[in-house]
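Take a look at the structure below.
Not measured: the values here are computed from a predicted model.
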Amino acid sequence: MGHTATAGAGSGGLTATEHRLANGLRVVLSEDHLTPVAAVCLWYDVGSRHEAEGRTGLAHLFEHLMFQGSQQVHGNGHFELVQGAGGSLNGTTSFERTNYFETMPTHQLELALWLEADRMGSLLAALDDKSMENQREVVKNERRQRYDNVPYGTAFERLTALAYPEGHPYHHTPIGSMADLDAATLEDARNFFRTYYAPNNAVLSVVGDIDPERTLAWIEKYFGSIPGHDGKPAPRDGGLPDVIGGQLREVVVEDVPARALMAAYRLPEDGTRACDAADLALTVLGGGESSRLHNRLVRRDRTAVAAGFGLLRLAGAPSLGWLDVKTSGGVEVPDVETAVDEELARFAAEGPTAEEMERAQAQLEREWLDRLGTVAGRADELCRFAVLFGDPQLALTAVDRVLSVTAEEVREVAAARLRPDNRAVLVYEPVATEDSADGDDEEGADQ
(Lines give C-alpha, C1' and ligand atoms only; values in the text may rest on other atoms or scores of the structure.)
Protein backbone atom coordinates (compact mmCIF):
# COMPACT_ATOMS: atom_id res chain seq x y z
CA MET A 1 0.00 0.00 0.00
CA GLY A 2 1.20 3.51 -0.65
CA HIS A 3 0.15 7.08 -1.04
CA THR A 4 1.56 10.13 -2.74
CA ALA A 5 2.22 13.25 -0.73
CA THR A 6 1.39 16.59 -2.24
CA ALA A 7 3.90 19.39 -1.95
CA GLY A 8 3.05 21.13 1.30
CA ALA A 9 3.68 24.73 2.21
CA GLY A 10 7.34 25.26 2.99
CA SER A 11 8.40 22.00 1.36
CA GLY A 12 10.10 23.76 -1.54
CA GLY A 13 8.02 21.67 -3.95
CA LEU A 14 9.52 18.43 -2.63
CA THR A 15 7.27 15.40 -2.36
CA ALA A 16 7.55 11.89 -1.01
CA THR A 17 5.48 8.75 -1.36
CA GLU A 18 5.12 6.17 1.38
CA HIS A 19 4.64 2.42 1.06
CA ARG A 20 4.77 -0.64 3.29
CA LEU A 21 5.65 -4.21 2.33
CA ALA A 22 3.78 -7.17 3.77
CA ASN A 23 6.76 -7.97 6.04
CA GLY A 24 6.54 -4.51 7.64
CA LEU A 25 9.32 -2.68 5.80
CA ARG A 26 8.44 1.00 5.40
CA VAL A 27 9.50 2.54 2.10
CA VAL A 28 9.73 6.25 1.25
CA LEU A 29 10.41 7.44 -2.30
CA SER A 30 11.17 10.97 -3.50
CA GLU A 31 11.79 11.81 -7.15
CA ASP A 32 14.45 14.33 -8.15
CA HIS A 33 15.55 14.29 -11.77
CA LEU A 34 18.05 17.16 -11.54
CA THR A 35 21.07 14.85 -11.72
CA PRO A 36 21.35 11.16 -12.78
CA VAL A 37 22.02 9.80 -9.29
CA ALA A 38 19.97 8.03 -6.64
CA ALA A 39 20.47 7.73 -2.88
CA VAL A 40 19.50 4.67 -0.88
CA CYS A 41 19.21 5.08 2.89
CA LEU A 42 18.22 2.38 5.36
CA TRP A 43 17.56 3.24 9.02
CA TYR A 44 17.22 0.49 11.60
CA ASP A 45 15.46 1.46 14.80
CA VAL A 46 18.36 0.40 17.02
CA GLY A 47 21.11 2.39 18.69
CA SER A 48 23.10 2.43 21.87
CA ARG A 49 19.97 3.18 23.95
CA HIS A 50 18.74 -0.33 23.12
CA GLU A 51 21.84 -2.05 24.51
CA ALA A 52 21.86 -4.08 27.71
CA GLU A 53 24.19 -3.38 30.60
CA GLY A 54 27.51 -5.11 30.04
CA ARG A 55 27.09 -5.13 26.27
CA THR A 56 27.64 -1.49 25.39
CA GLY A 57 29.04 -0.82 21.94
CA LEU A 58 27.21 -3.74 20.33
CA ALA A 59 25.08 -1.54 18.04
CA HIS A 60 28.19 0.19 16.71
CA LEU A 61 30.09 -3.09 16.41
CA PHE A 62 27.24 -4.42 14.34
CA GLU A 63 27.44 -1.45 12.00
CA HIS A 64 30.94 -2.69 11.15
CA LEU A 65 29.89 -6.34 10.90
CA MET A 66 27.30 -5.39 8.26
CA PHE A 67 30.17 -4.59 5.90
CA GLN A 68 31.89 -7.96 6.43
CA GLY A 69 29.94 -10.00 3.93
CA SER A 70 26.61 -11.78 3.61
CA GLN A 71 25.37 -14.92 1.90
CA GLN A 72 26.10 -13.80 -1.65
CA VAL A 73 28.60 -11.00 -1.00
CA HIS A 74 31.87 -12.11 0.51
CA GLY A 75 34.40 -10.21 2.61
CA ASN A 76 34.73 -6.59 1.57
CA GLY A 77 32.47 -7.09 -1.43
CA HIS A 78 29.86 -4.52 -0.46
CA PHE A 79 32.43 -1.71 -0.68
CA GLU A 80 34.01 -3.14 -3.80
CA LEU A 81 30.75 -3.48 -5.72
CA VAL A 82 29.40 -0.03 -4.81
CA GLN A 83 32.66 1.82 -5.43
CA GLY A 84 33.30 -0.18 -8.58
CA ALA A 85 29.94 1.01 -9.88
CA GLY A 86 30.87 4.65 -9.25
CA GLY A 87 28.99 4.99 -5.98
CA SER A 88 29.80 5.95 -2.40
CA LEU A 89 28.63 4.36 0.84
CA ASN A 90 28.94 4.30 4.61
CA GLY A 91 27.09 3.63 7.84
CA THR A 92 26.81 5.35 11.23
CA THR A 93 25.50 4.58 14.70
CA SER A 94 23.90 6.94 17.21
CA PHE A 95 22.01 6.68 20.49
CA GLU A 96 18.76 6.16 18.60
CA ARG A 97 19.44 4.45 15.28
CA THR A 98 21.89 2.74 12.94
CA ASN A 99 21.89 3.76 9.28
CA TYR A 100 23.44 2.55 6.05
CA PHE A 101 23.52 4.51 2.83
CA GLU A 102 24.73 4.53 -0.76
CA THR A 103 24.65 7.16 -3.49
CA MET A 104 24.76 5.57 -6.94
CA PRO A 105 24.54 6.49 -10.61
CA THR A 106 20.88 5.97 -11.50
CA HIS A 107 21.53 2.92 -13.64
CA GLN A 108 23.18 1.19 -10.64
CA LEU A 109 20.29 1.69 -8.21
CA GLU A 110 19.20 -1.94 -8.44
CA LEU A 111 22.64 -3.05 -7.29
CA ALA A 112 22.44 -0.95 -4.12
CA LEU A 113 18.99 -2.31 -3.28
CA TRP A 114 20.10 -5.89 -3.82
CA LEU A 115 23.16 -5.38 -1.61
CA GLU A 116 21.14 -3.93 1.26
CA ALA A 117 18.55 -6.69 1.00
CA ASP A 118 21.19 -9.43 0.90
CA ARG A 119 22.76 -8.39 4.17
CA MET A 120 19.41 -7.71 5.85
CA GLY A 121 18.21 -11.17 4.89
CA SER A 122 21.34 -13.28 5.10
CA LEU A 123 24.09 -11.70 7.18
CA LEU A 124 24.05 -14.58 9.65
CA ALA A 125 25.19 -16.92 6.89
CA ALA A 126 28.52 -15.09 6.80
CA LEU A 127 28.90 -13.98 10.43
CA ASP A 128 31.56 -16.13 12.07
CA ASP A 129 34.31 -15.94 14.68
CA LYS A 130 36.82 -14.58 12.17
CA SER A 131 34.71 -11.61 11.08
CA MET A 132 33.65 -10.98 14.68
CA GLU A 133 37.24 -10.81 15.94
CA ASN A 134 38.35 -8.74 12.97
CA GLN A 135 35.73 -6.04 13.50
CA ARG A 136 36.03 -6.12 17.28
CA GLU A 137 39.67 -5.05 16.86
CA VAL A 138 38.70 -2.41 14.28
CA VAL A 139 36.21 -0.85 16.68
CA LYS A 140 38.65 -0.97 19.60
CA ASN A 141 41.25 0.75 17.45
CA GLU A 142 38.67 3.36 16.43
CA ARG A 143 38.03 4.03 20.10
CA ARG A 144 41.76 4.51 20.72
CA GLN A 145 42.16 6.86 17.75
CA ARG A 146 39.04 8.98 18.23
CA TYR A 147 38.48 8.90 21.99
CA ASP A 148 41.27 7.63 24.21
CA ASN A 149 44.40 9.00 22.53
CA VAL A 150 43.42 12.49 21.33
CA PRO A 151 43.11 15.73 23.30
CA TYR A 152 39.62 16.16 24.78
CA GLY A 153 38.69 12.85 23.12
CA THR A 154 36.72 11.49 26.06
CA ALA A 155 34.76 14.71 26.66
CA PHE A 156 31.59 13.50 24.94
CA GLU A 157 31.65 10.22 26.83
CA ARG A 158 32.33 11.90 30.19
CA LEU A 159 29.69 14.59 29.81
CA THR A 160 27.07 12.13 28.63
CA ALA A 161 27.73 9.96 31.67
CA LEU A 162 27.32 13.04 33.90
CA ALA A 163 24.21 14.38 32.19
CA TYR A 164 22.32 11.07 32.19
CA PRO A 165 22.35 9.15 35.51
CA GLU A 166 23.62 5.62 36.00
CA GLY A 167 21.17 3.13 34.54
CA HIS A 168 19.70 5.61 32.06
CA PRO A 169 19.64 4.27 28.45
CA TYR A 170 21.67 7.29 27.25
CA HIS A 171 24.25 7.10 30.05
CA HIS A 172 26.78 5.45 27.72
CA THR A 173 27.79 6.53 24.22
CA PRO A 174 27.62 4.39 21.04
CA ILE A 175 31.36 3.64 21.02
CA GLY A 176 30.97 1.42 24.11
CA SER A 177 33.62 0.42 26.61
CA MET A 178 36.71 -1.66 25.93
CA ALA A 179 35.63 -4.21 28.55
CA ASP A 180 32.19 -4.66 26.98
CA LEU A 181 33.63 -4.93 23.48
CA ASP A 182 35.95 -7.68 24.72
CA ALA A 183 33.05 -9.45 26.44
CA ALA A 184 30.76 -9.53 23.38
CA THR A 185 30.37 -13.03 21.97
CA LEU A 186 29.44 -14.31 18.54
CA GLU A 187 26.12 -15.47 19.96
CA ASP A 188 25.50 -11.96 21.36
CA ALA A 189 25.97 -10.58 17.84
CA ARG A 190 23.69 -13.19 16.29
CA ASN A 191 20.93 -12.51 18.82
CA PHE A 192 21.32 -8.78 18.27
CA PHE A 193 20.88 -9.23 14.53
CA ARG A 194 17.83 -11.47 14.90
CA THR A 195 16.20 -8.96 17.25
CA TYR A 196 16.82 -5.68 15.47
CA TYR A 197 17.81 -6.26 11.84
CA ALA A 198 14.36 -7.12 10.58
CA PRO A 199 12.33 -5.37 7.85
CA ASN A 200 9.59 -4.38 10.30
CA ASN A 201 12.23 -2.51 12.35
CA ALA A 202 13.53 -0.48 9.41
CA VAL A 203 12.74 2.35 7.03
CA LEU A 204 14.13 2.38 3.49
CA SER A 205 14.21 5.64 1.53
CA VAL A 206 15.23 6.08 -2.10
CA VAL A 207 15.67 9.61 -3.42
CA GLY A 208 16.80 10.94 -6.78
CA ASP A 209 16.49 10.22 -10.47
CA ILE A 210 14.21 7.23 -10.04
CA ASP A 211 11.21 5.59 -11.66
CA PRO A 212 8.99 4.96 -8.61
CA GLU A 213 7.13 2.01 -10.11
CA ARG A 214 10.31 0.24 -11.16
CA THR A 215 12.01 1.07 -7.84
CA LEU A 216 9.11 -0.38 -5.86
CA ALA A 217 9.22 -3.51 -7.98
CA TRP A 218 12.92 -3.97 -7.18
CA ILE A 219 12.28 -3.37 -3.48
CA GLU A 220 9.49 -5.95 -3.44
CA LYS A 221 11.68 -8.41 -5.38
CA TYR A 222 14.69 -8.18 -3.06
CA PHE A 223 13.20 -7.29 0.34
CA GLY A 224 9.73 -8.80 0.13
CA SER A 225 10.69 -12.35 1.06
CA ILE A 226 12.69 -11.39 4.18
CA PRO A 227 10.66 -12.41 7.24
CA GLY A 228 9.78 -9.89 9.93
CA HIS A 229 10.56 -10.37 13.61
CA ASP A 230 8.26 -9.50 16.51
CA GLY A 231 10.60 -10.10 19.43
CA LYS A 232 12.06 -6.61 19.77
CA PRO A 233 11.85 -5.35 23.38
CA ALA A 234 10.55 -1.87 23.98
CA PRO A 235 13.34 0.66 24.60
CA ARG A 236 13.83 1.72 28.19
CA ASP A 237 12.21 4.97 29.25
CA GLY A 238 14.56 7.92 28.73
CA GLY A 239 12.41 10.52 30.45
CA LEU A 240 13.97 12.79 33.07
CA PRO A 241 12.93 15.95 34.96
CA ASP A 242 13.24 19.16 32.95
CA VAL A 243 16.05 20.43 35.17
CA ILE A 244 18.93 18.46 36.71
CA GLY A 245 18.49 20.32 39.99
CA GLY A 246 22.14 20.94 40.72
CA GLN A 247 25.40 21.42 38.89
CA LEU A 248 27.36 18.23 38.20
CA ARG A 249 31.09 18.75 37.78
CA GLU A 250 34.24 16.84 36.89
CA VAL A 251 37.82 18.11 36.52
CA VAL A 252 40.11 16.23 34.14
CA VAL A 253 43.89 16.68 34.18
CA GLU A 254 45.31 15.54 30.85
CA ASP A 255 47.91 16.41 28.25
CA VAL A 256 45.75 18.96 26.42
CA PRO A 257 46.90 22.10 24.58
CA ALA A 258 44.72 24.51 26.58
CA ARG A 259 42.29 24.68 29.45
CA ALA A 260 38.72 23.99 28.38
CA LEU A 261 35.25 24.52 29.75
CA MET A 262 32.61 22.14 28.43
CA ALA A 263 29.05 21.79 29.63
CA ALA A 264 25.90 19.87 28.73
CA TYR A 265 22.54 21.50 29.51
CA ARG A 266 19.36 19.39 29.68
CA LEU A 267 16.97 20.65 26.98
CA PRO A 268 13.58 19.62 25.50
CA GLU A 269 13.22 16.47 23.42
CA ASP A 270 13.52 16.62 19.64
CA GLY A 271 10.27 16.91 17.73
CA THR A 272 8.85 19.59 20.03
CA ARG A 273 8.39 23.29 19.50
CA ALA A 274 10.44 23.93 22.64
CA CYS A 275 13.36 22.03 21.11
CA ASP A 276 13.24 24.26 18.03
CA ALA A 277 13.21 27.30 20.34
CA ALA A 278 16.25 25.90 22.18
CA ASP A 279 18.03 25.40 18.85
CA LEU A 280 17.49 29.06 18.02
CA ALA A 281 18.69 30.12 21.48
CA LEU A 282 21.94 28.17 21.14
CA THR A 283 22.44 29.51 17.61
CA VAL A 284 22.20 33.10 18.87
CA LEU A 285 24.46 32.35 21.82
CA GLY A 286 27.10 30.17 20.23
CA GLY A 287 26.41 29.41 16.58
CA GLY A 288 29.36 30.89 14.74
CA GLU A 289 31.48 34.02 14.80
CA SER A 290 28.52 36.40 15.04
CA SER A 291 27.23 34.72 18.20
CA ARG A 292 27.15 36.36 21.62
CA LEU A 293 29.65 34.03 23.27
CA HIS A 294 32.16 34.35 20.43
CA ASN A 295 31.86 38.13 20.50
CA ARG A 296 32.26 38.26 24.29
CA LEU A 297 34.95 35.64 24.92
CA VAL A 298 36.99 35.60 21.72
CA ARG A 299 36.68 39.11 20.33
CA ARG A 300 36.10 41.36 23.33
CA ASP A 301 37.62 39.69 26.40
CA ARG A 302 40.14 37.59 24.44
CA THR A 303 39.87 34.94 27.13
CA ALA A 304 39.11 32.17 24.64
CA VAL A 305 40.32 31.03 21.25
CA ALA A 306 37.06 29.25 20.45
CA ALA A 307 33.54 29.31 21.87
CA GLY A 308 30.60 27.31 20.55
CA PHE A 309 27.16 26.26 21.74
CA GLY A 310 25.20 23.64 19.78
CA LEU A 311 22.26 21.29 20.16
CA LEU A 312 22.40 17.51 20.25
CA ARG A 313 18.82 16.63 19.31
CA LEU A 314 17.47 13.48 20.93
CA ALA A 315 13.95 12.12 20.60
CA GLY A 316 13.89 9.47 23.32
CA ALA A 317 15.48 11.53 26.08
CA PRO A 318 16.16 15.19 26.87
CA SER A 319 18.33 16.83 24.24
CA LEU A 320 21.66 18.35 25.24
CA GLY A 321 22.90 21.90 24.76
CA TRP A 322 26.63 21.47 24.19
CA LEU A 323 28.93 24.29 25.32
CA ASP A 324 32.61 24.13 24.29
CA VAL A 325 35.11 26.86 25.17
CA LYS A 326 38.89 26.62 24.74
CA THR A 327 40.72 29.24 26.79
CA SER A 328 43.50 31.61 25.74
CA GLY A 329 47.01 31.46 27.21
CA GLY A 330 46.99 31.40 30.99
CA VAL A 331 43.31 32.30 31.40
CA GLU A 332 41.66 30.41 34.24
CA VAL A 333 38.42 28.50 33.65
CA PRO A 334 36.47 30.29 36.45
CA ASP A 335 36.96 33.61 34.64
CA VAL A 336 35.50 32.18 31.45
CA GLU A 337 32.68 30.45 33.30
CA THR A 338 31.67 33.70 35.00
CA ALA A 339 31.48 35.45 31.63
CA VAL A 340 29.41 32.61 30.15
CA ASP A 341 26.95 32.76 33.03
CA GLU A 342 26.64 36.54 32.65
CA GLU A 343 25.79 36.17 28.97
CA LEU A 344 23.26 33.40 29.61
CA ALA A 345 21.59 35.39 32.40
CA ARG A 346 21.35 38.49 30.18
CA PHE A 347 19.87 36.43 27.36
CA ALA A 348 17.35 34.80 29.71
CA ALA A 349 16.24 38.24 30.90
CA GLU A 350 16.15 40.08 27.56
CA GLY A 351 15.85 37.39 24.89
CA PRO A 352 17.21 37.73 21.36
CA THR A 353 17.02 40.94 19.39
CA ALA A 354 14.99 41.03 16.17
CA GLU A 355 18.23 41.00 14.19
CA GLU A 356 19.54 37.98 16.11
CA MET A 357 16.28 36.08 15.57
CA GLU A 358 16.36 36.79 11.85
CA ARG A 359 19.98 35.71 11.58
CA ALA A 360 19.48 32.53 13.63
CA GLN A 361 16.39 31.48 11.72
CA ALA A 362 18.17 32.13 8.43
CA GLN A 363 21.11 30.03 9.61
CA LEU A 364 18.92 27.07 10.55
CA GLU A 365 16.94 27.44 7.33
CA ARG A 366 20.16 27.31 5.31
CA GLU A 367 21.24 24.16 7.16
CA TRP A 368 17.85 22.59 6.42
CA LEU A 369 18.12 23.49 2.74
CA ASP A 370 21.64 22.09 2.62
CA ARG A 371 20.43 18.75 3.96
CA LEU A 372 17.41 18.47 1.71
CA GLY A 373 19.26 19.92 -1.28
CA THR A 374 21.21 16.69 -1.86
CA VAL A 375 19.61 13.33 -2.58
CA ALA A 376 21.63 11.69 0.20
CA GLY A 377 20.70 14.34 2.75
CA ARG A 378 17.02 14.17 1.85
CA ALA A 379 16.99 10.37 2.03
CA ASP A 380 18.51 10.54 5.49
CA GLU A 381 16.04 13.14 6.74
CA LEU A 382 13.05 11.19 5.42
CA CYS A 383 14.27 8.13 7.30
CA ARG A 384 14.94 10.15 10.45
CA PHE A 385 11.45 11.57 10.69
CA ALA A 386 9.88 8.20 9.82
CA VAL A 387 11.84 6.27 12.47
CA LEU A 388 11.85 8.82 15.28
CA PHE A 389 8.50 10.56 14.75
CA GLY A 390 6.48 8.17 12.61
CA ASP A 391 5.98 10.54 9.67
CA PRO A 392 8.59 11.14 6.92
CA GLN A 393 6.52 14.03 5.55
CA LEU A 394 7.58 16.10 8.57
CA ALA A 395 11.07 16.29 7.07
CA LEU A 396 9.80 18.42 4.20
CA THR A 397 8.27 21.09 6.43
CA ALA A 398 10.69 21.11 9.38
CA VAL A 399 11.89 24.62 8.57
CA ASP A 400 8.35 26.02 8.83
CA ARG A 401 8.25 25.05 12.47
CA VAL A 402 11.58 26.74 13.18
CA LEU A 403 10.55 29.92 11.38
CA SER A 404 7.29 30.13 13.35
CA VAL A 405 9.03 30.21 16.74
CA THR A 406 8.85 33.59 18.46
CA ALA A 407 11.56 35.54 20.26
CA GLU A 408 9.63 35.20 23.51
CA GLU A 409 9.58 31.40 23.18
CA VAL A 410 13.35 31.48 22.69
CA ARG A 411 13.80 33.64 25.79
CA GLU A 412 11.51 31.40 27.84
CA VAL A 413 13.36 28.18 27.06
CA ALA A 414 16.68 29.90 27.80
CA ALA A 415 15.42 31.18 31.14
CA ALA A 416 14.00 27.78 32.09
CA ARG A 417 16.91 25.58 30.96
CA LEU A 418 20.19 27.49 30.46
CA ARG A 419 20.87 27.74 34.19
CA PRO A 420 23.82 26.73 36.39
CA ASP A 421 21.66 24.14 38.20
CA ASN A 422 20.80 22.41 34.91
CA ARG A 423 24.18 21.46 33.57
CA ALA A 424 26.94 18.92 33.74
CA VAL A 425 30.35 20.63 33.60
CA LEU A 426 33.67 19.26 32.44
CA VAL A 427 36.85 21.25 33.08
CA TYR A 428 40.10 20.29 31.36
CA GLU A 429 43.35 21.32 33.02
CA PRO A 430 46.70 20.70 31.29
CA VAL A 431 49.20 18.47 33.02
CA ALA A 432 51.59 20.61 35.09
CA THR A 433 55.09 21.00 33.61
CA GLU A 434 58.41 21.17 35.38
CA ASP A 435 58.40 24.94 34.81
CA SER A 436 55.21 25.36 36.86
CA ALA A 437 55.78 27.40 39.98
CA ASP A 438 53.55 25.20 42.08
CA GLY A 439 51.92 21.99 40.88
CA ASP A 440 48.20 21.71 41.63
CA ASP A 441 46.96 18.83 43.72
CA GLU A 442 44.42 17.08 41.47
CA GLU A 443 43.93 13.94 43.56
CA GLY A 444 40.66 12.30 42.70
CA ALA A 445 39.86 14.77 39.91
CA ASP A 446 39.95 12.22 37.11
CA GLN A 447 38.26 9.08 38.33
Side-chain angles (χ1 to χ4, degrees), residues 45-51 53 56 59 93-98 154-176 234-250 261-287 293 308-324 340-341 344-345 347-348 360 364 367 384-385 387-391 394 398 401-402 405 409-426:
D45 186 11
V46 57
S48 59
R49 70 168 174 159
H50 297 87
E51 294 166 346
E53 185 177 353
T56 66
T93 310
S94 76
F95 290 101
E96 300 180 324
R97 59 96 184 108
T98 308
T154 59
F156 180 59
E157 189 172 48
R158 291 174 183 273
L159 268 181
T160 299
L162 279 176
Y164 300 112
E166 187 79 32
H168 190 274
Y170 292 68
H171 179 72
H172 69 277
T173 56
I175 193 64
R236 289 175 292 152
D237 181 17
L240 289 169
D242 288 350
V243 176
I244 294 173
Q247 185 174 153
L248 307 173
R249 198 173 192 90
E250 182 179 352
L261 169 67
M262 302 183 189
Y265 292 77
R266 189 177 291 176
L267 294 175
E269 291 83 354
D270 194 12
T272 64
R273 189 174 178 89
C275 186
D276 290 336
D279 203 353
L280 287 164
L282 301 191
T283 302
V284 172
L285 287 163
L293 290 177
F309 211 174
L311 179 64
L312 174 62
R313 287 179 175 261
L314 296 170
S319 301
L320 293 181
W322 208 267
L323 175 72
D324 187 348
V340 168
D341 286 342
L344 297 189
F347 188 80
L364 295 184
E367 293 171 2
R384 182 171 83 89
F385 279 90
V387 169
L388 299 182
F389 308 111
D391 185 2
L394 292 172
R401 296 185 288 278
V402 173
V405 174
E409 288 176 295
V410 173
R411 188 202 66 76
E412 287 176 353
V413 76
R417 302 297 193 101
L418 300 182
R419 300 162 21 183
D421 66 345
N422 188 37
R423 68 185 177 201
V425 177
L426 197 61

Which is it for Leu311 and Leu267 under the side chain to side chain contact (heavy atoms under 4.5 Å, CB included) test, yes or no, and what are the steps along the way?
-> CA-CA 9 Å; Leu311 179 64; Leu267 294 175; 3.7 Å; yes
Decide yes or no on side chain to side chain contact (heavy atoms under 4.5 Å, CB included) for Asp270 and Leu314, but give the supporting numbers first.
-> CA-CA 5 Å; Asp270 194 12; Leu314 296 170; 5.7 Å; no
Is any side-chain N of the basic residue among Asp341 and Arg423 closer than 4.0 Å to the acidic one's carboxylate O?
->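 Here Asp341 pairs with Arg423 in a salt bridge, since their nearest N and O are under 4.0 Å apart.
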Within-4.5 Å side-chain heavy-atom neighbours: [X] and [Y]:
X      : Y      : value
Val284 : Val410 : no
Arg236 : Arg49  : no
Arg273 : Arg401 : no
Glu51  : His172 : yes
Leu418 : Leu285 : yes
Pro174 : Thr98  : no
Leu240 : Pro165 : yes
Phe156 : Ile175 : no

Minimum heavy-atom separation for Ser319 to Pro268, with atom names?
->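 Smallest interatomic distance, heavy atoms only, reads OG-O, 2.8 Å.
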Residue pair Leu159, Glu250: steps toward the side chain to side chain contact (heavy atoms under 4.5 Å, CB included) verdict = CA-CA 9 Å; Leu159 268 181; Glu250 182 179 352; over 6 Å; no
Among all residues two or more places apart in sequence or in another chain, which pass the ring pair (Phe, Tyr, Trp, His ring centres under 6.0 Å) test with Phe309?
->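 Here the qualifying residues are Tyr265.
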Mind checking the CG-CZ spacing from Leu282 to Arg417? Nearest 0.5 Å is all I need.
->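 The CG atom of Leu282 sits 11.5 Å away from the CZ atom of Arg417.
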Measure the spacing between CG of Leu426 and CD of Glu157 and express it to the nearest 0.5 Å.
->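 CD of Glu157 is found 11.5 Å from CG of Leu426.
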Return the orientation label for the Tyr164 and His168 ring planes: parallel under 30°, perpendicular over 60°, tilted otherwise.
->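 Taking His168 first and then Tyr164, their aromatic rings lie parallel (interplane angle under 30°).
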Is there a side chain to side chain contact (heavy atoms under 4.5 Å, CB included) between Arg313 and Asp279 once you walk through the steps?
-> CA-CA 9 Å; Arg313 287 179 175 261; Asp279 203 353; 3.0 Å; yes
